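Below is one structure, written out as structure tokens; comments come after it.
These values consider heavy atoms only, across backbone and side chains, with no hydrogens, waters or symmetry-generated copies. Small disclaimer: the values here were computed from a predicted structure and weren't measured.
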Amino acid sequence: MSNSLMERAVAAATDTKEALLGRGVVGQTGALFARLFPGQRAVVVADENTYAAAGTAVVASLKEAGVTIDSEYIFPGTPTLYAGYSNVEQLREYLRPIEGVSVCSIGAGTLSDLAKLASGELGRSYLNVCTAASVDGFASFGASISKDGFKSTHDCPAPAGLVADFDIIAAAPKRLTATGYGDLIEKIPAGADWILADALEIEPIDQQAWDLVQGPLRAALADPERIAAGDPAAIVGLTEGNIMSGLAMQAVQSSRPASGAGHQFSHVWEMEGHGTDWDPPLSHGFKVGVGTVASCALWAEALQLDLANLDVDRVVAEAPSDAEVEARVRALLDPRIVEEGVKHTVGKHLTGTELRDRLNLIKSRWPQIVDRAVPQLSSPEQIADQLARVGAPYHPEMIQIDWDRFRLTHFKAQMIRPRYTILDLLVEVGMLDEVVSRLFSAEGYWGRHRHP
Ligand SMILES: NC(=O)C1=CN([C@@H]2O[C@H](COP(=O)(O)OP(=O)(O)OC[C@H]3O[C@@H](n4cnc5c(N)ncnc54)[C@H](OP(=O)(O)O)[C@@H]3O)[C@@H](O)[C@H]2O)C=CC1
Ligand SMILES: O=C(CO)COP(=O)(O)O
């Protein structure tokens, strides 16, 4: 990636002033901290695993730059730290009485989100040293935290500074690199979801954010074998791709540029607690990867539909009422997340004239949507092949999601976020049931791929 693209991304960011990416840049952490937070002392936040990966180098660099270390706040390494709100509160209350400090956190997705939200709730900015290329959330504007069982992105500022040392990141366990690939590859169907929302005048594409994510995406995903082998050059692309996605989310203060229906599959499983008690826990990117295959399979079916000849009168007449939609959500979703689900699903459900107007727009714009979405998308077979080559799961069986549960996730995923995706289009045209049945029939993608 050109330096100028990263510079443009940081310039577009609202909170991040500097991002240092390169080999050995951990040694510049102290100088960066001193530039960003002049006169402040540092609270080093890590857990035992991430401290082992980079703690000594970070502390040495802070000291060398003359930064006073107020204290170290180290979460236990086992059980694996969870992105739960109680951990945010614990860290926030530790920090609250200490004046004149900023956090220098060391970690991957979970630790960085805990530091981000705890700092954000105190109105303080912070700096993160990334220990793996495992997520796109390092530079994003919000923190993905579970509160009362519902995992969502909590608004809070992104870090003022980021350090991504490729030597540290390349040495992280291989599963973390494969998980970062899973998070990144969903930007392919997420882009198609955004094209759809743009064409239907629901959420216009922000060209700058689009370019930051989609520009370097294909190159970053191009060589899964080299990424799996830990080749530093290939891991550079993956790290940059994920950080650019975070900067794009920051620029538009929304996860839209980086997250579509494929992510929603992952969020459902996470909110159901699937794999959170495994050792190691089932990662975000592994779930997102399987969700990406599912999303591309849905898109492939949708593109075969003749929506330019949609019978709008029939669809409006057969559309369910709000009460029927609510009953369906209540029947499907886990009790812990059902109220949020009802709010989002009923909130975006259209009836009557509003539905008619939307359907007429779908009908008239469908040829244009197909023309724009086709070059953006990959087939589910291609996505599964790329995930297999990087060493990430590409089939629900590989993450212990059984068949019925997987099929039902196609419906639940539409219910947990307000974001308009391919799932919402299929719901509005009254064809989600039919499309899912086809996918799971003997001829459909999942029928033909019953096992990995
Ligand atoms: N804010 C946002 O926009 C986004 C947030 N997320 C969130 O990020 C979280 C997932 O983050 P992810 O990075 O996948 O997982 P974790 O941060 O949980 O890290 C996974 C494991 O790797 C360990 N680890 C990290 N780096 C190293 C290293 N260099 N050497 C050895 N072990 C290491 C961690 O140790 P330890 O447990 O000790 O930390 C942990 O056991 C989820 O909560 C997800 O929702 C995901 C995408 C976007
Ligand atoms: O996980 C995310 C990006 O990787 C974002 O999640 P949301 O789409 O729920 O904001």
Side-chain angles (χ1 to χ4, degrees), residues 15 29 33 36-37 40-56 58-59 62 67-132 134-135 137-163 176 246 267 270-273 275-284 336-337 340:
D15 308 308
T29 307
F33 187 97
L36 293 172
F37 313 119
Q40 297 276 99
R41 303 183 317 284
V43 175
V44 174
V45 177
D47 63 37
E48 287 166 350
N49 303 330
T50 60
Y51 196 91
T56 308
V58 168
V59 166
L62 288 166
V67 175
T68 304
I69 298 176
D70 175 89
S71 50
E72 294 183 351
Y73 189 92
I74 314 292
F75 287 98
T78 42
T80 300
L81 191 62
Y82 187 61
Y85 193 65
S86 60
N87 283 327
V88 173
E89 291 176 310
Q90 202 179 310
L91 176 58
R92 184 194 63 208
E93 293 316 309
Y94 172 79
L95 295 169
R96 190 189 294 279
I98 318 176
E99 294 193 353
V101 296
S102 295
V103 163
C104 177
S105 53
I106 306 170
T110 300
L111 205 290
S112 116
D113 274 352
L114 296 176
K116 193 188 284 185
L117 191 53
S119 298
E121 289 188 350
L122 293 171
R124 302 180 188 174
S125 46
Y126 78 108
L127 150 66
N128 188 63
V129 178
C130 313
T131 57
S134 49
V135 283
F138 292 119
S140 73
F141 81 106
S144 192
I145 296 289
S146 184
K147 194 172 184 183
D148 302 324
F150 196 86
K151 186 103 181 253
S152 63
T153 301
H154 295 244
D155 285 4
C156 57
L162 275 175
V163 176
L176 294 182
H267 294 326
E270 171 137 4
M271 291 195 264
E272 291 174 343
T276 49
D277 56 349
W278 299 357
D279 185 20
L282 179 59
S283 73
H284 172 76
R336 284 182 308 166
I337 60 174
E340 280 285 317

Please give me the minimum heavy-atom distance between [X] and [Y], naming the atom from each residue.
X	Y	answer
Phe138	Gly107	CE2-O, 3.4 Å
Ala42	Val67	CB-CG1, 3.9 Å
Leu117	Ala143	CB-CB, 3.9 Å
Gly109	Val135	CA-CG2, 3.5 Å
Asp15	Ala158	OD2-N, 3.0 Å
Ala54	Thr131	CB-CG2, 4.4 Å

Would a distance-only check, ignoring hydrogens and angles, find a side-chain to backbone donor-acceptor pair under 3.5 Å from [X] to [Y]?
X	Y	result
Arg96	Leu122	no
Ser105	Val45	no
Lys116	Ser140	yes
His154	Ile145	yes

Gap separating the [atom1] atom of [X] from the [atom2] atom of [Y], nearest 0.5 angstrom:
X	Y	atom1	atom2	result
Gln40	Glu99	CD	CD	10.0 Å
Leu114	Asn87	CG	CG	5.5 Å
Ile337	Ser152	CD1	OG	11.5 Å

_For a 4.5 angstrom cut-off between non-hydrogen side-chain atoms, does Phe150 reach Met271?_
yes
*Does Cys104 reach the side chain of Leu127, with side-chain heavy atoms less than 4.5 Å apart?*
yes
*Who pairs with Glu340 by salt bridge (Lys or Arg N to Asp or Glu O under 4.0 Å), at least two apart in sequence or on another chain?*
Lys343
*Which pairs with one or both residues in residues 117-127 pass side-chain hydrogen bond (donor to acceptor under 3.5 Å, both in side chains), sequence neighbours excluded?*
Tyr85-Glu121, Arg92-Glu121
In residues 68-81, what donor-acceptor pairs under 3.5 Å come from side-chain atoms, sequence neighbours left out?
| from | atom 1 | to | atom 2 | distance (Å) |
| --- | --- | --- | --- | --- |
| Asp70 | OD1 | Arg41 | NE | 3.4 |
| Asp70 | OD1 | Arg41 | NH2 | 3.0 |
| Ser71 | OG | Tyr94 | OH | 2.7 |
| Glu72 | OE1 | Tyr51 | OH | 3.4 |
| Glu72 | OE2 | Tyr51 | OH | 2.9 |
| Tyr73 | OH | Gln90 | NE2 | 3.0 |

